[in-house]
Each structure stands twice: as structure tokens, then as C-alpha cells.
There are 2 protein chains.
Amino acid sequence: MTLDARQLGTYFALMEAVSLLQHHVEQQLREEGGLSSVQFQLLARLAHGPGALTMTELADGVVYSRSGLTYQAGLLEKAGLIERGPSPGDERAIQVAITQKGRDLVEHVLPGHAEVVRSMLFDPLAEADVETLGTLMNRVRDHMRALPPRSAAPRRKRSE
Amino acid sequence: MTLDARQLGTYFALMEAVSLLQHHVEQQLREEGGLSSVQFQLLARLAHGPGALTMTELADGVVYSRSGLTYQAGLLEKAGLIERGPSPGDERAIQVAITQKGRDLVEHVLPGHAEVVRSMLFDPLAEADVETLGTLMNRVRDHMRALPPRSAAPRRKRSE
DNA sequence: GCTAGTTGCTTCGAATTCGAATAACTTGCT
DNA sequence: AGCAAGTTATTCGAATTCGAAGCAACTAGC
């Protein structure tokens with residue numbers, strides 16, 4: 001089963017565009033905030049969310065390995081942007097919370113970040129296109145999230 | 001200038017979906033061919049193109065740093081999947097060509113690769129959606145490629 | 001044909017990433 | 001209770017990445 005020409009073209013355009021966008025976003029964040037893209041995503045998730053999250057919840061949101069998250073959390077904590085504390089319910093879990101300094105930094109780089117995304121991604125799209133793209137990618141994203149984890153799906157309790 | 005809610009939702013869905021897809025593709029390539037995503041892209045580009053490419057041409061296509069490409073080309077050559085030779089016109093350029101073994105490997109992992117992309121990305125999309133997505137992303141990609149290069153940093157005075 | 005500047009690639013060091021192994025804790029089963 | 005199995009986070013080593021510096025070859029100007 002192979003992909004037809006149209007699918008291939010769509011696939012390549014999608015991956016290349018995102019790759020280019022990622023690259024530019026990375027540079028903007030580095031220049032204006034000294035942050036990597038991953039660090040910004042972590043901070044933004046913490047800043048936007050209601051309260052503290054555990055390491056696992058954070059990793060799930062960013063598609064990151066746990067060990068990589070430990071490393072980044074160490075850097076962010078050393079920089080005073082987040083704080084780690086024990087979790088009330090579960091002794092082995094860690095609650096990660098953003099500090100005021102972290103919030104300030106996110107606020108500081110956010111305009112530039114938004115500007116890069118706007119000028120690169122949304123500039124060539126009409127308003128209706130943005131909605132269309134959003135609808136499609138939300139559908140795709142939800143579909144991907146619902147797929148069984150690749151390779152040897154550990155048996156889960158029956159559907160819930 | 002900030003992004004509105006619809007733009008944000010579109011942006012997040014796009015990045016997350018591609019991230020998930022990347023992750024699964026990476027696993028499939030590793031399992032079935034012992035290749036990283038980057039290595040596969042390089043081989044695929046060489047296999048599909050007309051003939052040999054220079055290192056720079058290869059790097060441009062994959063948005064990779066030159067030094068990273070040198071490293072990967074070294075690995076691929078050691079594995080016998082590509083060959084590096086002098087370039088006719090320019091003594092300092094390197095012509096990179098794929099070997100038969102490289103072609104065979106690409107052919108071997110291609111079906112699985114296509115299957116992952118199909119089941120994750122195209123499964124939830126109707127035919128018309130694929131065309132729509134392709135049209136939009138091609139437009140975005142072309143727009144991004146046409147933007148002034150990121151490296152032209154106007155102000156470089158922060159010497160710290 | 002010489003010298004300065006540019007281009008193509010590689011080498012080097014530092015930072016980041018992942019997976020496997022480990023430690024601490026929780027849950028389930030008998 | 002007590003032991004086995006699962007979960008959560010970290011540490012460790014190996015692989016990969018990037019940018020800066022270095023080298024060799026080309027180009028332009030004199």
C-alpha cells in the first residue's frame with residue numbers, strides 16, 4: 001500500500017512547512033528569551049494551565065521522553081523559572097509549578113513568538129483557510145491520539 | 001500583535017499532529033530499517049532525484065545544519081548506503097550518490113513508512129480534505145521559503 | 001600571478017536527546 | 001499483612017545536534 005501523488009505532495013508540504021516554522025520559532029525564542037522551543041512549550045503549558053502539573057502530565061503534552069523532561073526541568077528550575085515540589089496525593093509524583101519570573105519571561109517572548117507564527121504561517125492564509133486548517137488538523141490530532149500506542153500495545157482494561 | 005483563539009488552536013493542532021506523526025515515523029524507520037528520520041529523508045531524496053547531489057543541496061532540502069549533515073553522511077557511507085566522490089566542476093564540492101544497497105533499503109522500509117503516514121495522517125481525511133490540506137500547506141511552504149533569511153540579524157550588539 | 005574575500009565541507013566542543021537501568025512509592029491479589 | 005506488578009521520576013551512557021573555527025578550493029581585483 002503506497003501513497004498516491006497527491007498524498008505525497010500534501011505530506012511533504014506539511015512536514016517541510018512545519019520544519020521551517022519550527023526552525024524560525026527556535027531562533028526567535030533563543031534570541032529574545034534564551035529559551036529553546038521545548039522550554040518555551042513547557043513554560044507556556046504551565047502558564048496557561050490552571051495550576052501545577054506532574055512531570056508525566058507535562059511530558060504527555062509535549063511528546064517528550066521522561067528523561068529529557070527531567071533534564072529540562074532541572075535547567076528551568078536552576079534558572080528560577082519553575083519550582084518542583086512534592087505531590088499531595090502521591091509521594092513519588094512531582095508537582096511542577098511556574099514562578100512569577102517564569103510567567104514574566106513567557107509574557108516577554110510571547111509577542112515575538114506570535115509575530116513569527118503570524119508572519120510565517122498565517123500571513124498567506126485567509127481567515128476561512130485558518131478555520132479549515134484548524135478543523136482538519138484537530139481531527140487528525142485527535143485521531144492520532146486515539147490510536148493504539150505503536151508496537152506491542154500493553155493490554156489495557158477493556159474500553160472505558 | 002497577538003494571535004486570536006482560532007489561530008492559536010490551529011497552530012497547536014498543527015504542531016502537535018506533526019510532532020506525533022514524526023515520533024511514530026521515527027519508530028517505524030528504526031524498527032524496520034535501522035534508520036533515523038533524517039537518514040531516511042536523505043536517502044529518499046537521493047533515491048528519487050535524478051542523480052548525485054552536493055552536500056549543500058542535500059542540506060538545503062532537509063533544513064539541516066552542514067555539520068550535522070557531514071556527520072550523517074559519514075554514518076551512511078560507513079553503512080554502505082551512499083558514496084561520496086569529487087565533483088567534476090568544483091574541486092571542493094562533494095557529490096553524494098546513493099548505492100544499490102541504499103536503494104534496496106529505501107524500498108524495504110517504504111511500504112511501512114507509507115502505511116504509518118496513511119493510517120495516522122490520511123485515515124481521518126477525505127479525498128477532498130487531502131487536496132485542501134495540500135493546497136494550503138504548499139502555499140504556506142512557498143511563502144516561508146520566500147521570506148528573507150533568518151540569519152540576517154539587523155542588530156547584533158548584545159555582546160553578552 | 002598574488003592577495004583578499006567567498007564558498008563548500010569537515011572538525012571540534014558543548015548542549016540536548018533518548019532508552020535502559022535504578023530507586024521510591026502505590027496498587028492489587030491472595 | 002505481604003509480596004508481585006505497575007507507576008513516577010531520576011541517573012547514566014551513547015548518539016545526535018548545532019555553531020564556531022578551520023581548511024581547501026574558487027573568484028575577483030590588482
Side-chain angles (χ1 to χ4, degrees), chain A residues 19 22-27 29-31 34-42 52-79 82-97 149-157, chain B residues 19 22-27 29-31 34-42 52-79 82-96 149-151 153 156 159:
Chain A
S19 188
Q22 269 276 24
H23 200 253
H24 283 236
V25 161
E26 193 87 29
Q27 288 202 300
L29 290 174
R30 184 75 66 188
E31 285 171 15
L35 289 173
S36 71
S37 169
V38 185
Q39 292 168 343
F40 174 72
Q41 281 179 64
L42 295 175
L53 296 174
T54 68
M55 298 289 278
T56 301
E57 288 166 338
L58 259 185
D60 285 350
V62 186
V63 193
Y64 243 53
S65 72
R66 304 283 159 75
S67 52
L69 179 57
T70 295
Y71 174 73
Q72 287 298 340
L75 293 185
L76 291 174
E77 187 172 40
K78 194 155 61 183
I82 65 169
E83 277 175 353
R84 282 187 281 195
S87 182
D90 193 330
E91 267 314 312
R92 70 217 145 136
I94 299 267
Q95 291 277 350
V96 181
R150 215 183 142 59
S151 93
R155 189 167 265 309
R156 234 157 107 82
K157 285 287 177 74
Chain B
S19 191
Q22 269 275 24
H23 200 254
H24 282 236
V25 162
E26 193 88 27
Q27 287 201 303
L29 291 174
R30 185 74 66 188
E31 287 171 13
L35 290 172
S36 72
S37 168
V38 185
Q39 293 167 343
F40 174 72
Q41 281 179 63
L42 296 175
L53 297 173
T54 68
M55 298 289 278
T56 302
E57 288 166 337
L58 259 185
D60 284 351
V62 186
V63 193
Y64 249 61
S65 72
R66 302 282 159 71
S67 53
L69 179 57
T70 295
Y71 174 73
Q72 287 297 340
L75 293 185
L76 291 175
E77 187 172 40
K78 194 156 59 183
I82 65 168
E83 276 175 355
R84 281 187 281 194
S87 183
D90 193 331
E91 243 348 281
R92 75 220 139 132
I94 299 269
Q95 290 277 351
V96 182
R150 202 55 213 157
S151 48
R156 213 54 167 103
S159 59

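Reckoned from all heavy atoms, side chains included, excluding hydrogens, waters and symmetry mates. Within every chain, numbering begins at 1; the chains are lettered A, B, ... in the order of the sequence lines, protein sequences first and strands thereafter.
- Counting atom types as modelled, A/Arg92 pairs no side-chain N or O with a base atom of C/dT26 as donor and acceptor under 3.5 Å.
- For the atom pair CG of A/Leu76 and CZ of A/Phe40, the computed distance is 12.5 Å after rounding to the nearest 0.5 Å.
- Contact check for B/Leu53 versus B/Val96: no side-chain heavy atoms found under the 4.5 Å cut-off.
- To the nearest 0.5 Å, atom OG1 of residue A/Thr56 and atom CZ of residue A/Arg66 are 4.5 Å apart.
- Rounded to a whole Å, the CD atom of A/Glu91 is 14 Å from the C1' atom of C/dA23.
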Problem - Contact letters for nucleotides 10-19 of chain D, in which S counts primed atoms plus P, OP1 and OP2 and B counts the base, heavy atoms under 4.0 Å - result: BB---SBBBB

Exercise for the section: Tell me, with the steps shown, if A/Gln39 and A/Leu75 meet side chain to side chain contact (heavy atoms under 4.5 Å, CB included). Expected result: CA-CA 9 Å; A/Gln39 292 168 343; A/Leu75 293 185; 3.8 Å; yes

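- Contacts of A/Thr54 with the nucleic acid, taken as non-hydrogen atoms under 4.0 Å apart, involve only primed sugar atoms and P, OP1 or OP2.
- Atom CG of A/Leu69 and atom CE of A/Met55 lie 4.0 Å apart (nearest 0.5 Å).
- Atom pair A/Asp90:CG and D/dT8:C1' shows a separation of 7 Å (rounding to whole Å applied).
- At least one donor-acceptor pair under 3.5 Å links the side chain of A/Glu57 to the backbone N or O of A/Thr54.
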